[in-house]
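Have a look at the structure below, then the notes.
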There are 2 protein chains.
Amino acid sequence: MPRGSLNFRHLILGMLAQQSMSGYDIRGALEGLSWPSGTPSFGNIYSTLHALLNDGLVTVEVVPQQDKPTRKVYSVTKAGEQMLQELSTQSVTSGASLKSFTMCLIVADVFSRDTLIAYLQQRRDQVIAHRTTLEETTRTLDQEKAPRRRLAAEYGLTLANAELTWLDSTLDRIYQQSRRSIELPA
Amino acid sequence: MPRGSLNFRHLILGMLAQQSMSGYDIRGALEGLSWPSGTPSFGNIYSTLHALLNDGLVTVEVVPQQDKPTRKVYSVTKAGEQMLQELSTQSVTSGASLKSFTMCLIVADVFSRDTLIAYLQQRRDQVIAHRTTLEETTRTLDQEKAPRRRLAAEYGLTLANAELTWLDSTLDRIYQQSRRSIELPA
DNA sequence: AAGCGCATGTAAAAGGTTACATGATTAC
DNA sequence: GTAATCATGTAACCTTTTACATGCGCTT
């Protein structure tokens with residue numbers, strides 16, 4: 001776990017900060033959002049929740065339901081909020097894998113604008129670097145006549161280009177929002 | 001590890017089948033190709049190599065170099081080729097994560113055309129399903145005014161659409177290749 | 001002489017999934 | 001009756017990374 005990088009605990013805590021939920025709810029939300037990095041298992045979610053509870057970062061409320069099993073709704077405590085606050089302003093030194101970046105986007109609400117921008121720009125730099133590597137690889141493979149060998153590189157290039165387009169337009173959008181909120185008070 | 005799914009052993013074995021390499025070489029090749037799923041560590045590569053050697057699926061050749069440390073070049077044995085052969089014709093029941101799919105592409109050479117097509121189509125079905133889920137999620141989030149909450153879903157949608165475009169064009173290409181090789185002998 | 005690229009290796013720790021157990025209600 | 005959704009939980013297991021150790025030769 002590289003220093004400054006998001007882990008699963010942060011993800012759960014960040015999601016609970018957006019909205020109090022049960023483990024089952026969290027799983028449902030992640031199924032829709034965390035697709036690129038894979039949906040985590042219940043085993044992981046529940047034990048993370050217990051660990052957070054044990055560390056006093058969240059509290060539980062047992063909610064009996066009619067016609068359905070009892071739910072356990074978790075909410076972030078003040079200690080938990082403080083932990084997120086620290087994360088929010090912390091400098092980004094992550095080795096940003098796709099997983100870690102996806103988590104960052106899911107809990108984007110907990111970051112300050114500057115931290116979010118830093119994350120996006122860092123990801124942008126990394127994707128550009130990878131694209132360069134992939135372009136070199138395809139150039140080498142073009143010499144050979146084996147078309148199958150190029151599949152992985154082409155796949156990577158397609159994803160990299162799509163991601164870069166998204167990152168650029170998203171960064172633009174965020175910059176315009178800052179400009180607007182600066183212009184309005186003026 | 002779902003049955004029928006590719007694991008790291010298969011990846012290494014498949015890469016060695018394409019070309020005999022050292023652990024260091026494998027790492028270099030994967031750095032260029034396996035970007036979306038993350039480049040594996042040396043620790044993983046070397047221990048997998050030792051395990052394959054122990055199971056008689058590969059052999060080593062110690063290659064001393066002048067001016068550089070000695071390399072250990074691994075090659076696939078007949079037993080290893082047989083294992084790949086079985087994998088090649090095996091029906092695909094994988095829970096195809098991005099990781100497993102990327103591995104499949106890297107060793108695409110070892111698959112029969114039908115198996116490769118099955119993998120690509122299976123992935124296509126899964127991505128379409130995920131896209132549907134993501135579209136529903138964005139529809140729900142559009143109601144709210146929180147723009148940050150939509151980031152993860154939009155990101156996923158962008159990647160899903162790019163991947164689908166690639167999958168469709170790649171499947172087309174492969175189909176045309178089969179047609180050509182059927183037409184020629186006729 | 002310090003640092004980097006090459007090259008291999010191991011053990012401990014972290015991370016995560018699978019498989020199981022439980023149990024109620026609804027829909028076919 | 002049997003499958004599906006809802007809902008939680010534990011332990012064993014697998015996978016993978018991290019952090020270390022080693023050592024040569026080239027460059028600054």
Side-chain angles (χ1 to χ4, degrees), chain A residues 1-12 20-32 34 37-54 58 60-74 93-100 102-103, chain B residues 1-12 20-31 34 37-54 58 60-74 93-100 102-103 133:
Chain A
M1 18 88 224
R3 226 186 276 280
S5 181
L6 296 174
N7 60 31
F8 199 63
R9 283 172 67 110
H10 297 320
L11 175 69
I12 300 293
S20 294
M21 300 163 112
S22 69
Y24 196 84
D25 292 337
I26 290 172
R27 158 80 190 211
L30 287 179
E31 202 163 8
S34 70
S37 52
T39 307
S41 62
F42 277 118
N44 200 2
I45 293 169
Y46 285 124
S47 28
T48 303
L49 241 20
H50 298 329
L52 289 173
L53 192 65
N54 204 54
V58 298
V60 213
E61 192 194 349
V62 179
V63 182
Q65 298 178 112
Q66 54 185 45
D67 306 348
K68 279 179 190 174
T70 298
R71 302 170 71 231
K72 291 192 177 179
V73 177
Y74 292 83
T93 352
S94 82
S97 59
L98 179 67
K99 204 165 211 156
S100 143
T102 308
M103 293 198 299
Chain B
M1 21 89 222
R3 225 187 276 282
S5 181
L6 295 174
N7 60 31
F8 198 62
R9 284 172 65 109
H10 298 320
L11 176 69
I12 300 293
S20 294
M21 300 163 110
S22 69
Y24 197 85
D25 292 337
I26 289 173
R27 158 82 190 209
L30 287 179
E31 203 162 8
S34 70
S37 52
T39 307
S41 63
F42 277 118
N44 200 3
I45 293 169
Y46 284 125
S47 28
T48 303
L49 241 20
H50 298 328
L52 288 172
L53 192 65
N54 204 55
V58 299
V60 212
E61 194 194 349
V62 179
V63 182
Q65 298 177 112
Q66 54 185 46
D67 304 348
K68 279 179 190 174
T70 298
R71 301 170 71 231
K72 292 192 176 180
V73 176
Y74 292 84
T93 351
S94 83
S97 58
L98 179 67
K99 203 165 213 157
S100 143
T102 308
M103 294 198 299
T133 309

Once you round it to whole Å, what is the distance between [atom2] of [N] and [atom1] of [X]?
X	N	atom1	atom2	value
B/Met21	C/dT8	CE	P	11 Å
A/Tyr74	D/dA7	OH	C1'	11 Å
B/Leu30	D/dT17	CG	P	11 Å
A/Ile45	D/dT10	CD1	P	15 Å
A/Arg71	C/dA24	CZ	C1'	15 Å
A/Arg9	C/dG16	CZ	P	12 Å

Ignoring backbone atoms, test whether [X] places a side-chain nitrogen or oxygen under 4.0 Å from the OP1 or OP2 oxygen of [N].
X	N	value
A/His50	D/dT10	yes
B/Gln65	C/dC6	no
A/Lys99	C/dG15	no
B/Tyr46	C/dT8	yes

**Item:** Toward the 5' end of DNA chain D, by each residue's nearest nucleotide, B/Pro40 or A/Phe42
**Value:** A/Phe42
**Request:** Work out which heavy atom in A/Leu6 is nearest to a heavy atom in A/Met103; give both atom names and the distance.
**Result:**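 Closest heavy-atom pair between A/Leu6 and A/Met103: O-CE, 3.2 Å.
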**Message:** Please find the pair of heavy atoms, one from A/Pro40 and one from A/Leu30, that lie closest to each other, and give the distance.
**Reply:** CG-CD1, 3.5 Å
**Message:** I'd like to check A/Gln65 versus A/Thr70 (side-chain heavy atoms, cut-off strictly below 4.5 Å). Are they in contact?
**Reply:** no
**Message:** I'd like to check A/Phe8 versus A/Ile45 (side-chain heavy atoms, cut-off strictly below 4.5 Å). Are they in contact?
**Reply:**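 The answer is yes; the side chains approach within 4.5 Å.
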Nearest to side-chain heavy atoms of [X], which nucleotide of [options]:
X	options	value
B/Lys68	C/dA7, D/dA7, C/dG16	C/dA7
A/Pro69	D/dA7, C/dT8, C/dT17	D/dA7
B/Lys72	C/dG9, D/dT8, C/dT8	C/dG9
B/Asn44	D/dT16, C/dT17, D/dG9	D/dT16
B/Ser22	D/dC24, C/dT8, C/dT17	C/dT8

**Request:** Say whether, by atom type as modelled, one donor and one acceptor occur between the side chain of A/Asp25 and the main chain of A/Ser22 under 3.5 angstrom.
**Result:**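 Yes.
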**Prompt:** Between the main-chain N or O of A/Ser37 and the side-chain N or O of A/Ser34, is there a donor-acceptor pair closer than 3.5 Å?
**Reply:**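 Between the backbone of A/Ser37 and the side chain of A/Ser34 there is no qualifying donor-acceptor contact (under 3.5 Å).
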**Angle of first-five versus last-five pair axes in the helix from C/dA1-D/dT28 to C/dC28-D/dG1, to 10 degrees** = 30°
**side-chain contact (heavy atoms from CB on, under 4.5 Å) assessment of B/Val73 paired with B/Met21** = CA-CA 5 Å; B/Val73 176; B/Met21 300 163 110; 5.7 Å; no
**Message:** For a quick check of understanding: with a heavy-atom distance under 4.0 Å over all strands, which category does A/Thr39 fall into, base, sugar-phosphate or nothing?
**Reply:** sugar-phosphate
**Request:** Scan A/Ser47 against the nucleic acid and name what it touches under 4.0 Å (heavy atoms): base, sugar-phosphate only, or nothing.
**Result:**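 Contact class for A/Ser47: none.
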**Asked** Looking at A/Ile26, A/Asn44, A/Val58, which hits side-chain contact (heavy atoms from CB on, under 4.5 Å) with A/Ile12?
**Response**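 Among A/Ile26, A/Asn44, A/Val58, the one meeting side-chain contact (heavy atoms from CB on, under 4.5 Å) with A/Ile12 is A/Ile26.
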